[in-house]
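Both backbone and side-chain heavy atoms feed into the values below; hydrogens, waters and symmetry mates do not. The sequence lines fix the lettering, A, B, ..., with proteins before strands; numbering per chain opens at 1. Because the structure is predicted, anything quoted here is derived from the model rather than measured.
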Number of protein chains: 2
Amino acid sequence: MPDRALNSDLLRRSPFFAAAGEAAMERLLRPSFTQQLPRSTVLFDQGEVPNFLHLVLAGSVGLQARDEAGAETIVEIFGAGELFLAPAAILGLPYLASGVTLTDVRVLMIPADVFREGIAQDPALSRAMMELLARHWRLMVDQVVDLKLRPAERRVARFLARRVPEEAGAGAVDLQEPRGAIAARLGMTPETLSRTLNALEARGAIRLSAKRADVVDRALLMQTGLR
Amino acid sequence: MPDRALNSDLLRRSPFFAAAGEAAMERLLRPSFTQQLPRSTVLFDQGEVPNFLHLVLAGSVGLQARDEAGAETIVEIFGAGELFLAPAAILGLPYLASGVTLTDVRVLMIPADVFREGIAQDPALSRAMMELLARHWRLMVDQVVDLKLRPAERRVARFLARRVPEEAGAGAVDLQEPRGAIAARLGMTPETLSRTLNALEARGAIRLSAKRADVVDRALLMQTGLR
DNA sequence: GCTCCAACTTGATGTGAATCAAGCAACCGG
DNA sequence: CCGGTTGCTTGATTCACATCAAGTTGGAGC
């Protein structure tokens with residue numbers, strides 16, 4: 001099956017499975033299955049106990065948290081190749097956020113018990129897991145710093161820049177996920193995001209088209225004078 | 001040495017060593033040593049490569065991040081019994097924040113290489129580490145939700161409430177660390193923190209004295225109508 | 001094609017918290 | 001005891017961003 005081959009190629013490339021090794025990958029994959037889901041599907045709900053780990057094969061998934069008043073936000077967006085296990089699976093605690101598809105999505109569903117057995121027995125897998133957790137912790141630290149120190153325009157600029165290959169001076173950034181989701185991830189309203197993107201375009205740093213933003217000048221985008 | 005006995009008791013109680021087991025604890029502790037440091041000491045600096053893991057024995061330590069413009073904030077505050085290894089040690093990457101003592105502090109310094117060997121060889125330790133990372137990830141998720149959804153007064157209320165035993169209706173919260181540090185941890189200025197604490201006192205939820213806040217009415221403090 | 005609805009943008013106004021600017025207590029060394 | 005520094009509070013003002021309120025655009029369904 002060509003599709004299956006394509007998937008396993010993506011998996012092998014993912015930093016997680018690269019570190020875990022073929023054996024662990026084989027072991028986790030055997031009892032797993034993929035699912036094709038339309039946008040706005042709830043993968044799991046805040047408060048549930050995890051039965052699966054999710055690995056995004058295509059599209060993107062948002063971690064959506066709801067506070068006591070019912071207000072919602074997106075904590076993080078995970079794209080193709082990312083395993084986002086919500087450490088809930090490790091701790092055996094209820095999710096503290098929901099998983100919602102932000103685009104049409106293909107996900108690999110890995111049974112949580114198989115995974116738990118795996119990390120108990122396979123040191124390479126457990127090592128890979130630790131590295132994944134460490135990286136994810138750092139992502140969140142970075143976001144906290146972003147929210148505390150940087151104004152909206154700068155957050156948007158960084159968000160776009162991070163999606164362009166490091167060394168490239170320019171590149172296209174897909175914005176397939178709804179504006180509202182991106183805005184929530186960045187801690188602002190859709191209105192503010194819209195205005196900010198326009199401002200960056202006016203500055204000549206990006207060019208907007210339908211579902212993408214073309215980074216024209218990375219240096220300009222990241223310019224520190226940027227408010 | 002009575003001091004040593006006291007420490008090891010604290011250590012045994014810490015969720016990390018409780019999970020890691022006596023053997024791992026013994027192994028990590030042998031090559032470690034403690035240090036007594038005055039307030040405002042830098043334990044390690046953003047950008048450095050980690051040589052030690054730190055376990056707070058007394059006092060509190062702040063994870064302080066600096067952005068490109070030189071502005072600073074406190075990402076998290078760690079208190080007695082907490083191992084805060086900045087996953088840098090696992091990944092072997094430079095710290096993305098500095099560690100600064102917010103009070104007089106006693107810390108246990110665990111050599112990073114001993115720790116790395118430990119997690120490679122001892123499954124119980126590696127398991128404990130994973131759980132620690134998972135818990136820390138959740139702390140950061142919680143903080144992101146806080147910053148995105150809750151106004152200043154509510155953040156302060158939650159911060160105070162989290163420091164009172166769950167089931168207790170009232171209790172004293174130590175505010176030993178400088179106001180500026182607490183404000184930064186909460187993503188606000190010292191001025192705003194000061195005003196907010198006054199507002200909570202006016203509301204009758206807390207009573208302020210020198211270096212502490214007495215939670216008088218936990219329910220009132222966490223009241224959802226609270227702006 | 002036209003209609004309807006959701007997603008997004010654009011504009012006008014409001015506001016929570018930052019900033020700016022004094023005060024004021026506690027603490028230190030002399 | 002006293003001048004100076006440091007940390008905190010209090011008050012006046014400003015501003016970045018949210019909120020509220022129309023547009024506008026683009027599909028999806030018929």
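Checked against the 6.0 Å centroid criterion, the rings of B:F16 and B:F84 do not qualify as a close aromatic pair. A distance of 6.0 Å or more separates the ring centres of A:H54 and A:F78.
Summarising the geometry, the separation between CZ on B:R179 and P on D:dG7 is reported as 13 Å, rounded to the nearest angstrom. Atom-to-atom, CZ of B:R150 to P of C:dG16 comes out at 18 Å; the value is rounded to the nearest Å. For the pair B:K148 NZ and D:dC17 P, the interatomic distance rounds to 15 Å; values are reported in whole Å. If you measure from atom CG of A:L193 to atom C1' of D:dA18, you get 14 Å, rounded to the nearest angstrom. If you measure from atom CG of B:L147 to atom C1' of C:dG16, you get 15 Å, rounded to the nearest angstrom. In this entry the distance linking CG of A:L175 with P of C:dT9 reads 10 Å, nearest Å. Atom CG in A:L186 sits about 16 Å away from atom C1' in D:dA16, given to the nearest Å. One can place CD of B:E191 at 14 Å from P of D:dG7, the figure rounded to the nearest angstrom.
Ranked by how close their nearest DNA chain D nucleotide is to the 5' end, A:R155 and B:S194 are led by B:S194. With DNA chain D read from its 5' end, the first of the two nearest nucleotides for B:S40 and B:N198 is the one closest to B:S40.
With salt bridges taken as basic N to acidic carboxylate O contacts below 4.0 Å, none links B:R135 and B:E82.
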Strictly under 4.0 angstrom, non-hydrogen atoms only: write out the protein contact profile of nucleotides 23-30 of chain D, one letter per nucleotide from the 5' end, B, S or -. --------
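Under 4.0 angstrom from either OP1 or OP2 of C:dA17 there lies no side-chain N or O belonging to B:T189. For A:T192, no side-chain nitrogen or oxygen approaches OP1 or OP2 of D:dC17 to under 4.0 Å. The shortest distance between the side-chain N/O atoms of B:R195 and the OP1/OP2 oxygens of D:dT10 is not below 4.0 Å.
A:P190 comes within 4.0 angstrom of no nucleic acid atom, judged by non-hydrogen atoms across all strands.
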Where do A:Q143 and B:K148 land on the side-chain hydrogen bond (donor to acceptor under 3.5 Å, both in side chains) test, with the steps shown first? CA-CA 11 Å; A:Q143 190 175 162; B:K148 285 181 178 171; 2.6 Å; yes
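A donor-acceptor distance shorter than 3.5 angstrom exists from the side chain of B:D67 to the backbone of B:A69, with no hydrogens or angles considered.
Closest to the side chain of B:A152, from the set D:dC8, C:dC8, C:dA17, is C:dA17.
Of the residues listed (B:E76, B:E72, B:Q46), the one engaging B:Q64 in a side-chain hydrogen bond (donor to acceptor under 3.5 Å, both in side chains) is B:E72, and it is the only one.
Here the shortest heavy-atom pairing between A:R138 and B:L96 reads NH1-CD2, 3.5 Å.
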